[in-house]
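Just so it is clear, the values below take in all heavy atoms, side chains as well, and ignore hydrogens, waters and symmetry mates.
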Amino acid sequence: MGNKAVKQAKSKLPRRRSGTENSTNYESTVVGSEHGPYDRLQIAQYEEIGLLKVRHDLFVVALDIGTSSSGYAISRYDAYKRDPLQISTFGWNSRTDGFQHFKTLSAVLLTPDGERHSIGYDAEYYYINTLQEAEREKWFYFQNFKMRLYDQKISRDLMLHDVKGKPQKALKIFSCIIQGLREDFTARLTDQIPNFGAGPVDHDIHWVITVPAIWDEKAKQFMRVAAKEAGILSDKLSIALEPEAAALYCRYLPVEKLLGVAKDEEAPKLKTFCPGAEYLIVDLGGGTVDITAHRILPGGALQEIMAASGGSWGSLAINEEFLKFVGELTEPSIMQTVKETHPDDFLSFMSAFENKKRTFSKDDERIILQVPQSIRDVMCEKLGKSVESHIEEIERTQDVKFQRDKMYIYNEAFTKLLKETIDKIILHVIEVIESGKLKIDSIVLVGGFAECDLLKYTFRTSFPDKRILVPEDPVLAVLKGAVLCGRNPQVLQSRVCRYTYGISTTVDFDEKKFPSDKKIRLGDRILARDIFNIHIKAHETVRIGQKGKPKKYYLNRDDQNQLDLEIYATKSTNPVFTTDNGVVFMGILVINVPKSEAQDNASRYFSVSFLLDGTEMEVEAIDSATNKSTGVKFDFIG
């Protein structure tokens with residue numbers, strides 16, 4: 001949301017104390033005095049409400065770890081029963097720009113010893129305004145790091161590099177921001193509710209962490225491990241897919257809360273969220289764009305009607321275009337030099353651009369950016385002349401003007417900066433609708449980039465036959481929706497699989513079917529190796545909680561106490577070998593093998609069934625010796 005809008009919303013948000021302690025004042029709706037002293041509720045885990053199960057935990061807290069910004073929201077159980085949209089979010093003060101924001105920065109500051117010092121705007125302010133240049137060489141400042149989990153080889157040893165190129169383990173940085181948000185929440189909750197600290201807080205809270213729908217199982221497990229290291233119990237944590245969360249939130253909204261809809265004229269005709277309606281959700285985040293489509297079922301549940309898709313066309317892609325633009329105007333290495341030598345001014349400059357990008361209107365004559373003196377000095381030094389005279393020499397005065405400490409970018413040039421990324425999003429949405437033959441009549445835009453006026457205008461002109469709907473707080477749609485996902489874990493009834501998942505196995509060798517390089521000998525048997533034994537197929541619609549067809553996997557040795565199975569994934573619907581092009585090794589499925597005298601291991605096997613019981617893959621393994629389920633676990637990140 002732009003700065004003007006945030007100013008107008010200040011009176012509705014709780015104030016936030018300055019300093020590095022990250023203290024937040026909660027809205028009274030969270031723990032209002034009507035509740036009296038804190039009382040631990042002794043209730044079942046779920047309650048049946050209509051066709052849906054509602055989680056009973058006293059609090060559901062959602063953590064939205066975004067590429068550029070992060071935050072949390074909470075729902076108390078008794079408030080939820082009165083009104084599901086009674087969800088509290090929080091204002092975060094930025095001492096860098098002087099405004100209050102709906103989320104804080106996705107930033108982490110570590111001391112020279114590698115200990116967490118602060119997160120968010122507090123981390124930014126301390127790094128930029130408190131540390132001296134010599135000190136910054138020793139401290140670690142990380143920002144905009146979430147994209148490293150997209151389309152990367154993820155492991156526990158994955159490294160991130162801070163703004164000055166110094167390394168730390170990615171797992172540590174993600175754990176730090178989760179822990180910072182968690183401690184910020186629990187500290188204030190303990191302050192506000194009498195007797196809350198009398199017992200373990202963990203058992204009263206169910207946590208939800210959001211991830212893009214286009215992330216794979218490795219990235220989801222990485223976030224789960226990071227949360228565990230941040231002190232969140234695994235059995236009190238859910239993973240919510242961002243567009244699904246946003247869809248659930250928008251489904252609860254009255255139509256007058258969707259911008260661009262005239263309450264008196266359009267509301268009676270709007271059928272977007274009625275049973276049978278189909279709509280597209282476009283989650284426009286900082287790093288990625290997530291797109292999925294849902295159908296509303298009788299009773300209020302959701303059905304996914306196409307596999308989630310998207311790409312790295314979030315608003316940070318425009319930041320990269322802006323840096324290229326500055327490089328074209330001056331000299332390609334200038335902004336990299338500024339980033340390395342004056343990281344404080346670089347961050348301030350890019351923060352100012354971020355705000356202008358979101359508030360820019362197609363009718364604005366120009367935008368004005370404050371240029372720190374250090375950036376002007378580097379430009380002049382590299383160019384060997386003033387920036388003003390250089391712009392005149394290269395005949396770019398129609399695009400930009402530098403005057404004293406300001407940079408003016410004119411409408412056409414600024415529009416071009418945004419349009420390249422916006423057009424990629426539009427083209428992908430067109431492809432999704434046409435390839436899936438979707439008969440949607442509405443497109444819902446959520447996420448921080450959905451605030452961009454030019455983006456909304458482009459969607460409306462590109463899809464004149466569709467309703468383009470934007471909630472009044474698009475930057476919070478995922479966060480608030482994640483709380484609702486935590487309360488309604490079974491709201492999505494079916495999902496369309498993005499990948500084909502299977503296990504590598506061996507079968508009897510058939511020279512008519514298999515090439516000779518797949519032939520191996522095991523005892524007296526001649527087998528074919530690297531066979532992709534399919535459990536779930538790409539584009540297959542799977543009902544949540546429904547088990548797939550079980551498949552048998554035999555033990556190899558009498559002394560075997562665990563069975564390790566290799567899991568693979570591919571976008572192909574009919575892979576034959578795990579070595580085929582496009583097949584990716586995901587990790588190991590570890591099955592515990594209990595001791596048993598009922599059956600010797602030579603004929604003992606486990607019937608393995610894949611199932612989707614939410615947003616994460618689960619597996620059941622039935623021991624043939626006991627006909628009982630045994631312990632299983634995934635190891636996707638090593």
Ignoring hydrogens and geometry, is there a side-chain-to-backbone donor-acceptor pair from [X] to [Y] under 3.5 Å?
X      : Y      : value
Lys218 : Met586 : yes
Asp216 : Ala219 : yes
Lys103 : Asp64  : no
Lys146 : Ile65  : yes
Asp290 : Ala213 : yes
Ser609 : Glu620 : no
Thr67  : Met147 : no

For the atom pair [atom1] ([X]) and [atom2] ([Y]), what is the distance rounded to the nearest 0.5 Å?
X      : Y      : atom1 : atom2 : answer
Trp207 : Ser234 : CH2   : OG    : 14.0 Å
Met223 : Lys228 : CE    : NZ    : 16.0 Å
Ile119 : Ile177 : CD1   : CD1   : 5.5 Å
Ser68  : Gln143 : OG    : CD    : 8.5 Å
Ile209 : Leu237 : CD1   : CG    : 5.0 Å
Gln168 : His161 : CD    : NE2   : 10.0 Å

Compare every heavy atom of [Y] with every heavy atom of [X], then report the nearest pair and how far apart it is.
X      : Y      : result
Ala226 : Ser175 : O-OG, 3.5 Å
Ser312 : Ala317 : O-CB, 4.1 Å
Cys452 : Lys357 : SG-O, 3.8 Å
Pro243 : Asp283 : N-OD2, 4.2 Å
Leu492 : Ile544 : O-CG1, 3.1 Å
Pro167 : Met159 : CB-CE, 3.8 Å

Measure the shortest side-chain to side-chain distance between [X] and [Y] over non-hydrogen atoms and say whether it is less than 4.5 angstrom.
X      : Y      : answer
Arg487 : Ser75  : yes
Ile87  : Leu484 : yes
Leu85  : Leu253 : yes
Tyr80  : Val54  : yes
Glu217 : Ile567 : no
Leu241 : Lys220 : yes
Ile154 : Leu149 : yes
Asn144 : Asn319 : no

Worked verdict on Asp623 versus Lys628 for side-chain contact (heavy atoms from CB on, under 4.5 Å)
CA-CA 6 Å; Asp623 187 352; Lys628 294 180 180 179; 5.8 Å; no
For the residue pair [X] and [Y], categorise the inter-ring angle as parallel (less than 30°), tilted (30 to 60°) or perpendicular (more than 60°).
X      : Y      : answer
Trp139 : Tyr126 : tilted
Tyr72  : Phe90  : tilted
Tyr499 : Tyr501 : perpendicular

Given salt bridge (charged side-chain N to carboxylate O under 4.0 Å, His left out), test Arg116 with Glu229 step by step and report yes or no.
CA-CA 13 Å; Arg116 175 172 59 90; Glu229 293 196 359; over 6 Å; no
Worked check of side-chain hydrogen bond (donor to acceptor under 3.5 Å, both in side chains) between His101 and Ser94
CA-CA 7 Å; His101 301 263; Ser94 168; 4.6 Å; no
I would like to know whether Asp57 and Lys236 meet side-chain contact (heavy atoms from CB on, under 4.5 Å); could you show each step before the answer?
CA-CA 9 Å; Asp57 297 77; Lys236 302 295 286 185; 2.4 Å; yes
Can you spot which of Phe634, Phe174, Phe636, Trp215 makes a ring pair (Phe, Tyr, Trp, His ring centres under 6.0 Å) with Phe222?
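With Phe222 as partner, ring pair (Phe, Tyr, Trp, His ring centres under 6.0 Å) holds for just one option, Phe174.
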Scan Glu244, Glu540, Glu616 and name whichever one has a salt bridge (charged side-chain N to carboxylate O under 4.0 Å, His left out) with Arg495.
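Among Glu244, Glu540, Glu616, the one meeting salt bridge (charged side-chain N to carboxylate O under 4.0 Å, His left out) with Arg495 is Glu244.
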Only one of Asp122, Leu110, Leu109, Val108 passes side chain to side chain contact (heavy atoms under 4.5 Å, CB included) with His117; say which it is.
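It is Leu109, the one option of Asp122, Leu110, Leu109, Val108 that forms the side chain to side chain contact (heavy atoms under 4.5 Å, CB included) with His117.
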If only side-chain N and O atoms count, and only distance matters, is there a donor-acceptor pair under 3.5 Å linking Asn93 with Tyr125?
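Short answer, no.
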Let me see the working for Ile296 and Leu302 under side-chain contact (heavy atoms from CB on, under 4.5 Å), right down to the final yes or no.
CA-CA 5 Å; Ile296 301 291; Leu302 302 177; 3.2 Å; yes
Show your reasoning for whether side-chain contact (heavy atoms from CB on, under 4.5 Å) applies to Asn129 and Arg95.
CA-CA 10 Å; Asn129 297 287; Arg95 284 181 285 172; over 6 Å; no
Determine whether more than 12 heavy atoms belonging to other residues, nucleotides or ligands lie under 6.0 Å from atom NZ of Lys166.
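Yes, because the 6.0 Å sphere around NZ of Lys166 holds more than 12 heavy atoms from other groups.
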